[in-house]
There are 2 protein chains.
Amino acid sequence: MMRNANTVNIKSQGDYHHGDLRAAALALGLKKLAEQAVPELGLRGLARELGVSATALYRHFASKDALLDALAEEGIRQLGEFQKRAAEAAGGGRPSFQATGEAYVKWAVGNPALFALTFARKIRSDLSTQAGGDNEAFRQLQAGISSVHPELEQGKSRAFAALHAWSLVHGLSHLILAGQIDNDPETIRAVVSGTFGLDRETGGGRA
Amino acid sequence: MMRNANTVNIKSQGDYHHGDLRAAALALGLKKLAEQAVPELGLRGLARELGVSATALYRHFASKDALLDALAEEGIRQLGEFQKRAAEAAGGGRPSFQATGEAYVKWAVGNPALFALTFARKIRSDLSTQAGGDNEAFRQLQAGISSVHPELEQGKSRAFAALHAWSLVHGLSHLILAGQIDNDPETIRAVVSGTFGLDRETGGGRA
DNA sequence: GCATCATGTTAGCACTGTAAACATTACGAG
DNA sequence: CTCGTAATGTTTACAGTGCTAACATGATGC
């Protein structure tokens, strides 16, 4: 069979070689993940859409898992950036921290498949004795904590506070995606903002 | 080919019929899930271990998905019961609520595959306008909230408080299972107990 | 005792990820 | 420029999957 006609090469001068298959595969992978809710990337289907034989991908990824890992890495990157923008837009301080948390949830809900993928496989990163690893998302979190609770310079308390906040938004994301909690902006805001009306002295803040 | 020799029937008097294949399949499924960390139940492999042909399972489950759904249901049941016992052991009040939360995380960490399965597929339950559905696990949560914050009889505030607590333990579970947070009892206690050291009046929970 | 239904069986389909062997192109050294 | 080699693609094949269809067996009620 001759070359598939619907080959959409990036640089389509030649025919046999693709140009930059690795990049193309990652790009298409992200697109497919964005379109569907369940992370069901098929190696063969992917290759078909790339106008390339299935096994060609093995020249660029050791296995399907390796490909997914690469996509997952792109996932945390996007998440981190999204949070960063949200934090900046909110100006700083406590509102910025709240915005960071909401951004986490909103990104997750808006990118279900990529979110699932990203956290299904353990994010590579020598997490240097420090939980959370070296990704931007976690860095945003730490910054937010420091901003809201400057009295906690470092140490366990700050770490625990960070893990607490992370767990909260992470769990909320998962539960919404699992259909357990309504995907409602007000709900998200309320849950992220804390026990909400329960604490008498902090004024309904994150805490 | 005659009947496979290693048939381990529950009631092995006859030969062709199994006795109670449905129950046996569920039991073995749970066992396999308990043994491995990743939920990779194979229909064929399962049948092989049951000493039965792969398609026999289709007499009892409409599809692999249906089988997994049944296992998932058993999952929430176990989780709920585990929480209930923990709550009772703690005596009641706030310590009981804290214990419920810790139990959630500990069960999840102790049963990774079943936990993942349970929440991967949306738990059936006509969630009657009330988020959370009708499972025992969520009921424990509501009870805990009521116990700790009796001033919230019903309404949105209590619902949000429940979702908050649920999100927290759920997220913590996932992050531990993803290898992002250490599976350390002290960490779990601290994160579950709240901002921990931040709130000045609760004394850092029962930690 | 016999029809019927529940429950098991085998054969086969379309699909998957992946390995092995082969083909084509790009590229750097003589 | 030529030519060997490495990079990148191809076809073929294998073992595995969930699932359907057609058939066999055993239990059950008239």
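Just so it is clear, the values below take in all heavy atoms, side chains as well, and ignore hydrogens, waters and symmetry mates. We name chains A, B, ... by the order of the sequence lines, and we start the count at 1 in each one. Here the structure is a predicted model, which is why all the values come from computation and not from measurement.
- Scanning atom types as modelled, no donor and acceptor separated by under 3.5 angstrom connect the side chain of A:S63 and the base of C:dT18.
- The distance from atom CG of B:L50 to atom P of C:dG8 is 10 Å, rounded to the nearest whole Å.
- Listed nucleotides D:dA22, C:dA19, C:dA11 differ in distance to A:T55; the shortest reach to its side chain belongs to C:dA19.
- Residue A:V52 places its side chain closer to D:dG9 than to any other of D:dG9, D:dT20, C:dG17.
- In this structure, the nucleotide among C:dG17, D:dT8, C:dT9 sitting nearest to the side chain of A:H60 is D:dT8.
- Per the geometry, CG belonging to B:L67 stands 15 Å off P belonging to D:dT17, to the nearest Å.
- We find that OH of B:Y58 is positioned 6 Å from P of D:dT20, with the value rounded to whole Å.
- With rounding to whole Å, A:K64 atom NZ is found 14 Å from C:dA19 atom P.
- Taking the side chain of B:L21 as heavy atoms from C-beta on, and the options C:dG8, D:dC19, C:dG17, the nearest nucleotide is C:dG8.
- Between the base of D:dG16 and the side chain of B:R44 there is no donor-acceptor pair shorter than 3.5 Å.
- Nucleic acid contact class of B:L41 (heavy atoms, under 4.0 Å, all strands): sugar-phosphate only.
- Going from atom OG of B:S167 over to atom CD1 of A:I176 covers 7.5 Å, rounded to the nearest 0.5 Å.
- Taking every side-chain heavy atom of B:L43 into account, D:dG18 is the closest of C:dT9, D:dG18, D:dT10.
- For the pair B:F61 CZ and C:dG8 P, the computed distance is 11 Å after rounding to whole Å.
- If you take CG of B:D20 and P of D:dA27, they are 15 Å apart, rounded to a whole angstrom.
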**Prompt:** Should B:E102 and B:Q98 be marked as a side-chain hydrogen bond (donor to acceptor under 3.5 Å, both in side chains) after you check the CA-CA gap, both sets of side-chain angles, and the distance that decides it?
**Reply:** CA-CA 6 Å; B:E102 287 184 43; B:Q98 166 83 15; 2.7 Å; yes

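- As a whole-Å value, the separation of A:L68 CG from C:dG17 P is 9 Å.
- Of the possible polar contacts, none joining the B:K106 side chain to the B:G101 backbone as a donor-acceptor pair under 3.5 Å is found.
- The aromatic ring centroids of A:F119 and A:H174 lie 6.0 Å or more from each other.
- Candidate nucleotides D:dG9, C:dT18, D:dT17 were compared by shortest atom distance to the side chain of B:R48, and D:dT17 ranks first.
- Using a 4.0 Å cut-off between a side-chain N of Lys or Arg and a carboxylate O of Asp or Glu, A:E49 and A:K32 qualify as a salt bridge.
- One can place CZ of B:R59 at 15 Å from C1' of D:dA27, the figure rounded to the nearest angstrom.
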